[in-house]
Asks: 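One structure, as structure tokens, below. Some questions next.
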Number of protein chains: 2
Amino acid sequence: MYREKEKRHQAILDLVDRTNLSSQEILRKMLKTIGLEVTQATLSRDLKELHVVKTIGEDGEYKYAIMEEISGFQIASCDISGNLLVLHTDPGMAQAVAFRVDALGLAGILGTVAGDDTLLVVVAEGYDSRKVRKDLWQGVQK
Amino acid sequence: MYREKEKRHQAILDLVDRTNLSSQEILRKMLKTIGLEVTQATLSRDLKELHVVKTIGEDGEYKYAIMEEISGFQIASCDISGNLLVLHTDPGMAQAVAFRVDALGLAGILGTVAGDDTLLVVVAEGYDSRKVRKDLWQGVQK
DNA sequence: ACAATTTATGTATATTTATACAAAACTGAA
DNA sequence: TTCAGTTTTGTATAAATATACATAAATTGT
């Protein structure tokens, strides 16, 4: 069941990113439609872990959003080793950062694997890791 | 009484910035100690206006904080006219930005006056407005 | 495989936050 | 000043969120 949580976390980040969620109850229903059934209590805990917060949108309405630091500032370092980028993040933030990186859809990135505070980014063959890092960094800054 | 609200908003931003507020009730009590008595309901509305959100701190505990965009991203423009900087912000954000600017404590800045979405920054004599703008911008990013 | 430990989740509920509504305070114009 | 319109606030309460506690599931070490 440990995998369920991860999957759900991904789905949550995804939904938070793409839609305007105004309450955990709505999020719960959305998750239900994709076969992920949990209670509001669990979502409260998930959101806390994921650093997703209830913000005020441009329209003045409440809306859940990923905390801004995630998109850039919470990356502590980004080193290169061959065709791998090794990113260190604040504790527990690797998943969220990975999500952001994936969302960039950079051609030079084959995929990511995230642990708790470390993240591996696999650079595609024929791409310069240094260049990819630069693109990643730029893209991730908002 | 219109002035009370402004004063309170300043105080709120100040407290949010300096202390770890975990609930509106605590904020209410703090404000009370400095002679500002309002109900939780009013604070809920204040925080919405000020774009102050309940985030998760580094220690994993809940904590109110000014939304990050405020510190930089919500500045739409920053023009120079003589010894004045004229900043335009998103609607209702001028106060919050002014607070941030004041907090920088830059020697080249005499003071700020904020409306709703516009903010005047008075540059001290003997300082280059262009340089001050640069410092302000830099300081406000983060 | 088993026991011990850790992690995840639901249930029930406490706590916290948002808001409908009414009243009060303020504003601008005549 | 007085009136009409606007804004702010409190009260009461609805709505939303967090968590104590119990249990189940997963993990670890043997």
Side-chain angles (χ1 to χ4, degrees), chain A residues 1-13 15-16 19-32 34-57 59-67 91-92 94-95 114-117, chain B residues 1-13 15-16 19-32 34-57 59-67 91-92 94-95 114-117:
Chain A
M1 192 186 272
Y2 276 26
R3 290 299 149 71
E4 280 301 301
K5 190 182 176 183
E6 253 182 62
K7 226 188 298 178
R8 192 177 63 243
H9 277 195
Q10 283 304 318
I12 289 173
L13 289 172
L15 284 170
V16 163
T19 67
N20 277 16
L21 301 169
S22 60
S23 78
Q24 298 178 3
E25 192 53 27
I26 291 179
L27 171 58
R28 193 183 64 72
K29 284 172 185 161
M30 287 208 172
L31 287 171
K32 194 174 177 183
I34 49 175
L36 296 170
E37 289 205 47
V38 283
T39 59
Q40 170 269 322
T42 295
L43 294 182
S44 173
R45 291 182 276 242
D46 283 348
L47 295 178
K48 187 176 186 179
E49 276 188 54
L50 294 168
H51 288 218
V52 168
V53 301
K54 195 175 181 181
T55 61
I56 295 97
D59 55 0
E61 294 304 304
Y62 289 102
K63 164 185 192 313
Y64 276 92
I66 300 171
M67 250 163 68
Q95 293 278 340
D116 179 67
D117 62 359
Chain B
M1 194 185 272
Y2 276 28
R3 292 298 150 70
E4 280 303 299
K5 190 181 176 186
E6 252 183 61
K7 227 189 298 179
R8 191 177 65 243
H9 277 196
Q10 283 305 318
I12 289 172
L13 290 171
L15 284 170
V16 164
T19 68
N20 277 17
L21 301 169
S22 61
S23 79
Q24 298 177 2
E25 193 51 28
I26 291 179
L27 171 58
R28 194 182 63 73
K29 284 172 186 161
M30 288 210 170
L31 287 172
K32 195 174 175 183
I34 49 174
L36 294 171
E37 289 205 49
V38 283
T39 60
Q40 171 271 323
T42 295
L43 294 182
S44 173
R45 290 182 278 240
D46 283 348
L47 295 177
K48 187 175 186 180
E49 277 186 55
L50 294 169
H51 287 220
V52 167
V53 302
K54 195 175 181 180
T55 61
I56 296 96
D59 55 359
E61 295 304 305
Y62 289 102
K63 163 184 191 314
Y64 275 91
I66 300 171
M67 250 164 69
Q95 293 277 341
D116 180 68
D117 63 358

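By convention in this document, chain letters (A, B, ...) are assigned in the order of the sequence lines, proteins followed by strands, and residues within each chain are numbered from 1. Note that this is a predicted model, so its numbers are computed, not measured.
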Asks: About how many Å separate NZ of B:K29 and CD of B:Q40, when rounded to the nearest 0.5 Å?
Replies: 12.0 Å
Asks: To the closest 0.5 Å, what do you measure between CD (A:E49) and OG (A:S44)?
Replies: 10.5 Å
Asks: Please determine whether a side-chain nitrogen or oxygen atom of B:Y64 lies at a distance below 4.0 Å from atom OP1 or OP2 of C:dT17.
Replies: yes
Asks: Looking at NZ of A:K7 and CG of A:L36, how far apart are the two atoms once the value is rounded to the nearest 0.5 Å?
Replies: 6.5 Å
Asks: Do any of residues 40-47 of chain A sit with a heavy atom less than 4.0 Å from DNA chain C, and if so which?
Replies: A:A41, A:T42, A:R45
Asks: For A:I56 and C:dT19, what is the distance between atoms CD1 and C1' respectively, to the nearest whole Å?
Replies: 15 Å
Asks: Atom NZ of A:K5 to atom P of D:dA26: distance rounded to whole Å?
Replies: 13 Å
Asks: Do you know which of B:K5, B:R8, B:Q24 makes side-chain hydrogen bond (donor to acceptor under 3.5 Å, both in side chains) with B:D46?
Replies: B:R8
Asks: Once you round it to whole Å, what is the distance between P of D:dG10 and NZ of B:K32?
Replies: 12 Å
Asks: Rounded to the nearest 0.5 Å, what's the gap from CD on B:E25 to OG1 on B:T39? Could you check?
Replies: 9.5 Å
Asks: Check this one for me: any side-chain N or O of B:K48 less than 4.0 Å away from OP1 or OP2 of C:dT19?
Replies: yes
Asks: Please state how far atom NZ in B:K7 lies from atom P in D:dT9, giving the value in whole angstrom units.
Replies: 12 Å
Asks: Roughly what angle, to 10°, lies between the helix axis at the start of the helix from C:dA1-D:dT30 to C:dA30-D:dT1 and the one at its end, five pairs per end?
Replies: 50°
Asks: Quick one: OG1 on B:T55 to NZ on A:K54, what's the gap to the nearest 0.5 Å?
Replies: 14.5 Å
Asks: Mapping B:T39 and B:E61 onto DNA chain D by nearest heavy atom, which one lands closer to the 5' end?
Replies: B:T39
Asks: Roughly how many Å is it from NZ in B:K63 to C1' in D:dA18, rounded to a whole number?
Replies: 19 Å
Asks: Between D:dA25 atom C1' and A:R8 atom CZ, what is the distance in whole Å?
Replies: 13 Å
Asks: Show your reasoning for whether side chain to side chain contact (heavy atoms under 4.5 Å, CB included) applies to B:L27 and B:T19.
Replies: CA-CA 10 Å; B:L27 171 58; B:T19 68; over 6 Å; no
Asks: Under 4.0 Å, counting only non-hydrogen atoms across every strand here, what does A:E37 touch: a base, just sugar-phosphate, or nothing?
Replies: sugar-phosphate
Asks: Evaluate the side-chain proximity of A:L43 to A:V38: yes if any heavy-atom separation is below 4.5 Å, no if none is.
Replies: yes
Asks: Heavy atom of residues 19-31 of chain B under 4.0 Å from DNA chain D: which residues?
Replies: none
Asks: When rounded to the nearest 0.5 angstrom, what is the spacing between CG in B:N20 and CD1 in B:I26?
Replies: 10.0 Å
Asks: B:I12 versus B:L31: any side-chain heavy-atom pair under 4.5 Å?
Replies: yes
Asks: Find the distance B:Y62:OH to C:dT17:P and express it as a whole number of Å.
Replies: 11 Å
Asks: I'd like to check B:Y64 versus B:L47 (side-chain heavy atoms, cut-off strictly below 4.5 Å). Are they in contact?
Replies: yes
